[in-house]
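Worksheet: the structure to be examined is printed underneath.
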Amino acid sequence: MMLQAEHVSKQFDRRVAALTDVSFSVAKGEFVSIIGPSGAGKTTLIRILNGSEACDSGQVILSGQHLEQARGREKTRIQKMIGTIYQDFALVENVSTLQNVLNAALPDMAFLPGILGLFGKARREEAAALLGRVGLSDKLEEPVHSLSGGQKQRVAIARALMRHPQILLADEPVASLDPVTGQQILELLKELQEQDGLTIVMNSHNLALSQAFSDRLLGLGGGRILYDGPVSGATEEVLERIYASAGIEMAVSGDETAASGENVAASGKDIASPVEERK
Amino acid sequence: MKRKKTALLWLLLLLLFILAGRFTGCSLPLFWARRSHAADIFLRMIPPDWSYFPRILTPLWATVQMSVAGTVLGTFLALLAAPLCAANLFSPRPVRMVFRILIQVLRSFPTLILALAATFLFGLGCFAGTIAILIYTFAIMTRLCYEDIENASVRPYQALCAMGTPPGRAYFRAILPEIASSYLSNALYLLETNVRHSAILGYVGAGGIGLLLNEKISWKEYNRVGMILLALFLAVCLIELLSSRLVLLVKGERQISRTGKRILIGAFLILFLLSLAAVGKPDFSRTSFQTVRSMFSGLFWPDWSFFLQGGSGGLAWLLLETVCIAFVGTVLGAVISLPLAILGTGRLMPAPAALFFRLLTVAVRSIPFLIYGIIFIRISGPGAFTGVLTMAACSIGLLTKRFTEAIDSLDFRPWQALSAMGVSPLLRIRYAVLPQLLPALGSALLYRFDVNTREASVLGIVGAGGIGAPLVFAMNHFHWRQAGAITLGLILLVWLVDLLSAWIRGGKRR
């Protein structure tokens, strides 16, 4: 197994649990989408998977190595194998695309050459080649702030690839893009999966795109896994249950619409029922 | 309700102004009666002694070298200290607090006081002056820099950390590019300020042209003083011109080629190395271990009886006087600056007139406070009133500059809209211009008041009241415990003013 999450739980304050007993595994070369309503814990899960956030209990195992116990150098060593892209791209806006991609080489460099930006010819050529791969070969020296949203996400993908990651995590990669651009970005990710055998875990609240591009869906609602199975298995009924968990939160905060109120009534029991059987 | 509150606030400010004016002994009739004395010294400086010019060049160059070396080093150190002060990066809370307190303490002193202290440690000469400028720059730049960091986006930094980049490297590569333009333009502005400040450091024996200036003033060779001031004016003009060009580059409003950039950086490096060469070695021959020890023990075990002493002549009274001087001086400076700013903006005035008033502003700014001090002391005698006048004159430069910028960025469309409706000019100013100007003017005033509280502590050197005289006196006579008490008072005062201005700014934003 490439990535395993075992009984992962996370609580931000005493009352609200962000994640409760989340377990799943991802095989090498798989494209998995985490779907679910806002507040389901999707982003928290990604942050735990790449080590930005520590979980309260449970295990995160990447290629047989425990990320959740690792500290300091050990943790850094595991993090180096993970590439992440984000909804807001998280690029340095004032510098060129090439420099942004080169930043991914920093973990392997000594302090002084690192801060002075002395990356060497080989790294520069690799970064340029990666930018070509994502379709930006004519924008190497362009500052990031002059690019469109889709182009920025391509730079971020090139930066993640620069690490030769064993796994690519994508946190809402198309949420701030228009539909056409979003589709193109997912086509690029799909291509990377098929041609390079890259393992991808993406979270998205764009259900249609998740269904169209991924091999497997992971339904997250109220911090629990409500579905784990192939895209075809996620029927109307299953999806309704996943997305109804948002209705519960709204019911608690007291501003739900009549329609979602019905949903809650219909599916309230199901939430408490055990997670659907895994294959 | 809100209007009532605003009106009340203005009334309160006016009342405070009158009280502070009373307290500092400001008297318009006195000023008017003795106004002829204002020109006395100036007239004696004209014509300047041209033959003296060659003798000025060496110390003037030393002054520039001192400020370049101090500014560059201080700015660089600030780059390293700022991430330790910032709340959104890797610095743990205790480290952050220690560094912030250190910066706040260093920030409380004007360059001259730092230079005086440095001469005790490193002997007389340029080295002490450079150290003083370095520390002053370091404190101010660190503060500005960490505020910028806290306002910058940390997302790219976090992204780099998430892939295993050590925080230091991530800071340099992901945060620095975002704050670089603001950082460099602040540094250039400080360089210019430092050249002006370092011109008077000679007064306490810390090298540069100030030694000469001090000598010529005490020998009453005013035409030579005039020559020095003229040379200083030219130097400040040159640096201001250079820095305004460089700021445009830094902010990306103008582009140059790659080679141009390299030449520029190379030239700057050479200038910096030349400046370093001139700093020289510290002179420890007169520094005794005893002095250093009593200096630091004085700072850590201040004279509490003096600290708590009440009544006139007590510490609290002196501090109050200092604040009042800064407050009244800032307001008077603003009153003079507003018309100067309107006359100096190219949007409202014909270009030659605007240029003339701009040059006038630079001239007013390039004259060291020392000169204003000895001019005004002939009008109002030793005391707080002289301090107020000096402070006002020193505020004009910065306030006019900020006001001009505010006027330059005015949007005239509401003005045209109101005039199309037939609203009278006075009402147009009230409803179309003032709402746009007031926030900028207010924040400039607040900032200058903050600076003036710190700078007011040097006025004592020219006998112009406030906390400076006792502080310099105590330092020169090695009364370190008393100096420690005053220092502590000064730090508390600056901190209070800082809190006050942060509170007002926060309130304005709401």
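Just so we're on the same page: letters track the sequence lines, and every chain starts at 1.
- Residues of residues 128-163 of chain A that come closer than 4.5 Å to chain B, counting heavy atoms only, are A:Arg159, A:Arg163, ordered by residue number.
- Taking every heavy atom of both residues into account, A:Gly182 and A:Leu209 meet most closely at C-CD1, 4.4 Å.
- Minimum heavy-atom separation, B:Leu191 to B:Ser67: CD1-O, 3.9 Å.
- For the pair B:Lys261/B:Leu249, no side-chain contact is recorded, criterion being any heavy-atom separation below 4.5 Å from C-beta on.
- Atom CZ of B:Phe268 sits in a sparse spot, with 12 or fewer heavy atoms from other residues, nucleotides or ligands closer than 6.0 Å.
- Counting heavy atoms from C-beta outward, A:Ile48 and A:Leu19 have side chains that approach closer than 4.5 Å.
- Between the side chains of A:Asn50 and A:Ser52, at least one donor N or O lies within less than 3.5 Å of an accepting N or O.
- Under the 3.5 Å distance criterion, with hydrogens and angles disregarded, no donor-acceptor pair is assigned to the side chains of A:His66 and A:Glu6.
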| request: Using the side chain to side chain contact (heavy atoms under 4.5 Å, CB included) rule, take A:Val26 and A:Thr199 through it: C-alpha gap first, then chi angles, then the decisive distance, then the call. | output: CA-CA 8 Å; A:Val26 179; A:Thr199 313; 3.6 Å; yes
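- Neither the backbone nor the side chain of A:Ala105 comes within contact range of chain B; no heavy atom of the residue lies under 4.5 Å from a heavy atom of that chain.
- To the nearest 0.5 Å, the span separating CD1 on A:Ile185 from CG on A:Leu189 amounts to 7.0 Å.
- When each of B:Ala170, B:Ala162, B:Gly168, B:Ala152 is checked for heavy-atom pairs under 4.5 Å with chain A, B:Ala162 comes out on top.
- Comparing A:Asn103, A:Asp108, A:Thr84, A:Ile85 by heavy-atom pairs within less than 4.5 Å of chain B, the highest count is held by A:Asn103.
- Summarising the local packing, CZ of A:Phe111 is surrounded by more than 12 heavy atoms from other residues, nucleotides or ligands at distances under 6.0 Å.
- In terms of heavy-atom pairs under 4.5 angstrom with chain B, the leader among A:Met109, A:Lys75, A:Gln79 is A:Gln79.
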| message | Please determine whether salt bridge (Lys or Arg N to Asp or Glu O under 4.0 Å) holds for the pair B:Arg96 and B:Glu150, giving the CA-CA distance in whole Å, both sets of side-chain angles, and the decisive distance to 0.1 Å. | response | CA-CA 13 Å; B:Arg96 203 162 76 218; B:Glu150 288 182 349; 5.7 Å; no
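- Residues of residues 167-177 of chain A placed with any heavy atom under 4.5 Å of a heavy atom in chain B are absent; none qualify.
- Options A:Val92, A:Leu102, A:Val95, A:Leu106 differ in how many heavy-atom pairs under 4.5 Å they form with chain B, and the most are formed by A:Val92.
- The most heavy-atom pairs under 4.5 Å with chain A, out of B:Leu160, B:Ile175, B:Val154, come from B:Leu160.
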| task | Please step through side chain to side chain contact (heavy atoms under 4.5 Å, CB included) for the pair B:Leu264 and B:Leu246, ending with a clear verdict. | result | CA-CA 10 Å; B:Leu264 208 64; B:Leu246 287 176; 3.6 Å; yes
